[in-house]
Amino acid sequence: MKSFEEISELLKNNFSDIHFEFHPEAKFEPYILVPANKIDTVCLFLRDNNELYFDSLINLSAVDDFNGNKIKDDKGNEIMQGGTMSIYYHMESIKFRHKLLIKVILDRDNPSVNSVTSIWNCANWHEREAFDLFGINFNNHPDLRRILMPYDWEFGHPLRKDYQNPEFYQGMKVPY
Amino acid sequence: MSVKTEEMVLNMGPQHPSTHGVLRLELTLDGEIITKVVPHIGYLHRCFEKHCEVMTYPQVIPYTDRMDYLAAMGNEFGYVIGVEKLLGIQVPERVEYIRVIMAELQRIASHLVAIGTYGADIGAFTPFLYCFRDRERILNLFEITCGARLLYNYIWIGGLSHDLHPDFIRLTKEFIREFKPNLKELNNILTYNKIFIDRTANVGILPLETAINFGITGPMLRASGLRWDLRKDDTYSVYNKFDFEIPVGKGKMGTVGDSWDRYYVRVLEMEESIKIIEQAIAQLPDGDVTSAIPKKIKPPVGHIYSRVENPRGELGYFIISDGSTSPFRVKVRAPSFVNLQIMDELCRGHLVADVIAILGSVDIVLGEVDR
């Protein structure tokens, strides 16, 4: 079972061209910040390396950091411009019993990242849920479409912090 | 002379007696053999994660009950463990033992529903009521403790809402004494029944590599041969003080990882849960269950992922706190949501009737899939 420091060393030695940010001081769970365009190469290495062997993706969560500028749009509602969204990947090795948390930061205005579905099939529906509720686009996903909201929901992505409910949906009044 | 054939798309719609809730399965059939299954979910989406952002930490607990409504104690347990770690509270030992007793009683109740409804889906109507008769006794135990049969709001941050009723230990011992022969009866009726074995053995075989790659957890993963249980491998609460086995699928009636194995692992897990409850009752210490409940719950900034072994798999809560009285984000890793992805892989090449057998062995609850 490897510690967080040993995993960080292995990653630094194998990917000298990628700029990681290690956060071992994070109080409850140490994490590694990976640049968004390199997440699939790093994850493939994490899964296939003989000493790490992260064969199981436990969880993939998207978070709206809500740290941009609050402005008012033409209807007078408060929306956000700029800022970031993050995705957290929790992975575990069943063989070696170590766990790891990886964080990726994306632009809030046009969030887009490579899909890890080809590495862990578990990510398939998790990424569909992140697309549905946050609007994050996953490149190379085999089947990216809404999963929890109705397929014809055209009023945005509900879990964003500046989401407004529509007035009517297919003739039914939404706020009651 | 050749016959022109086409594939037919059949809708096993949201209203169906055997889909365990509002699940729509779009089956593409070639005659009676399945070529593709596409599950459509979202009919029970109640926006749990959006609600969490406007409520305070204790107010979230009744909402967590309602996700997997057949295993509500486990849901509360997972959330409360996460918040207690963020706050750095240590609960009294009596609280830990009572939580384990409740979680294991809930595991028995949930597996009884899984087994009873699985038999009913296949066509065996009698074991369904036998299972529910035993489940009623467990729900009575919960009712005298916290007043509710199915959705409890019992496990609070820092302790419990009520201490055990004075008659609880006696009634639990009576229940265990009368449940053990009922388990033997259930095995005689359903588990070793030739028709049941014919319908479920060698149906929906799940290889171990595929299971790990798809993120399958719980009895489904154990039926494919891997002895992985969070109560032993990433132990939480006081589970390390009890002596119990982890049942694993062995392919007794067919192949390792078929539907019969997934069913049999649940039967064996009920026996192990009884062992845990007996040991916990024998070791139960005294104490005050409400002494560690904080007045104001305001965790420091940070994030944590806490997980428990629910009857359906690994239930995880990823809680992000921004220092205020309500969570910034709560993401629920629901076991049924992840386990349902495997339907397409498992059903290919089987007949339409096998889809029901496979879906019953996956044991989903739509409240948890859709949240």
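No experiment lies behind these values; they were computed from the predicted model shown.
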Which atoms of [X] come close to chain B, meaning under 4.5 Å heavy atom to heavy atom: side chain ones, backbone ones, both, or neither?
X        : answer
A:Asp64  : backbone
A:Pro150 : neither
A:Ile58  : both
A:Arg160 : backbone

Counting heavy-atom pairs closer than 4.5 Å to chain A, which one of [options] comes out on top?
options                      : value
B:Lys50, B:Gln341, B:His45   : B:Gln341
B:Glu49, B:Arg371, B:Arg307  : B:Arg307
B:Leu340, B:Asp234, B:Ile216 : B:Leu340
B:Glu209, B:Glu314, B:Arg333 : B:Arg333

Just verifying a value: how many Å separate [X] [atom1] and [Y] [atom2], rounded to the nearest 0.5 Å?
X        : Y        : atom1 : atom2 : answer
B:Phe328 : A:Asp65  : CZ    : CG    : 6.0 Å
A:Arg128 : B:Ile41  : CZ    : CD1   : 7.5 Å
A:Leu101 : B:Phe318 : CG    : CZ    : 6.0 Å

Can you find a heavy atom in the side chain of [X] that is under 4.5 Å from one in the side chain of [Y]?
X        : Y        : value
B:Asp322 : A:Phe66  : no
B:Glu53  : A:Leu159 : yes
A:Val63  : B:His303 : no

Enclosure of B:Gln90 CD (heavy-atom neighbours >12, cutoff 6.0 Å): no
Heavy atoms of other groups near B:Glu245 CD, more than 12 under 6.0 Å: no
Could you look at [X] and say if it's the side chain, the backbone, both or neither that has a heavy atom under 4.5 Å from chain A?
X        : answer
B:Leu226 : side chain
B:Val38  : side chain
B:Tyr43  : neither
B:Tyr305 : both
B:Ile320 : side chain

Taking [X] for its side chain and [Y] for its backbone only, find out whether a donor-acceptor pair lies under 3.5 Å.
X        : Y        : value
B:Lys85  : A:Phe28  : no
B:Arg329 : A:Ala62  : yes
A:Asn121 : B:Asn213 : no

Test item: side-chain donor near acceptor, B:His40 and A:Tyr151, under 3.5 Å: yes
B:Ile212 to A:Asp55 - nearest heavy-atom pair and separation: CG2-O, 3.6 Å
Chi angles and distances behind the side chain to side chain contact (heavy atoms under 4.5 Å, CB included) call for B:Lys331, A:Tyr88: CA-CA 11 Å; B:Lys331 157 97 169 87; A:Tyr88 291 81; over 6 Å; no
Chain B contacts, top residue of A:Arg146, A:Met149, A:Lys161, A:His126 (heavy-atom pairs, under 4.5 Å): A:Lys161
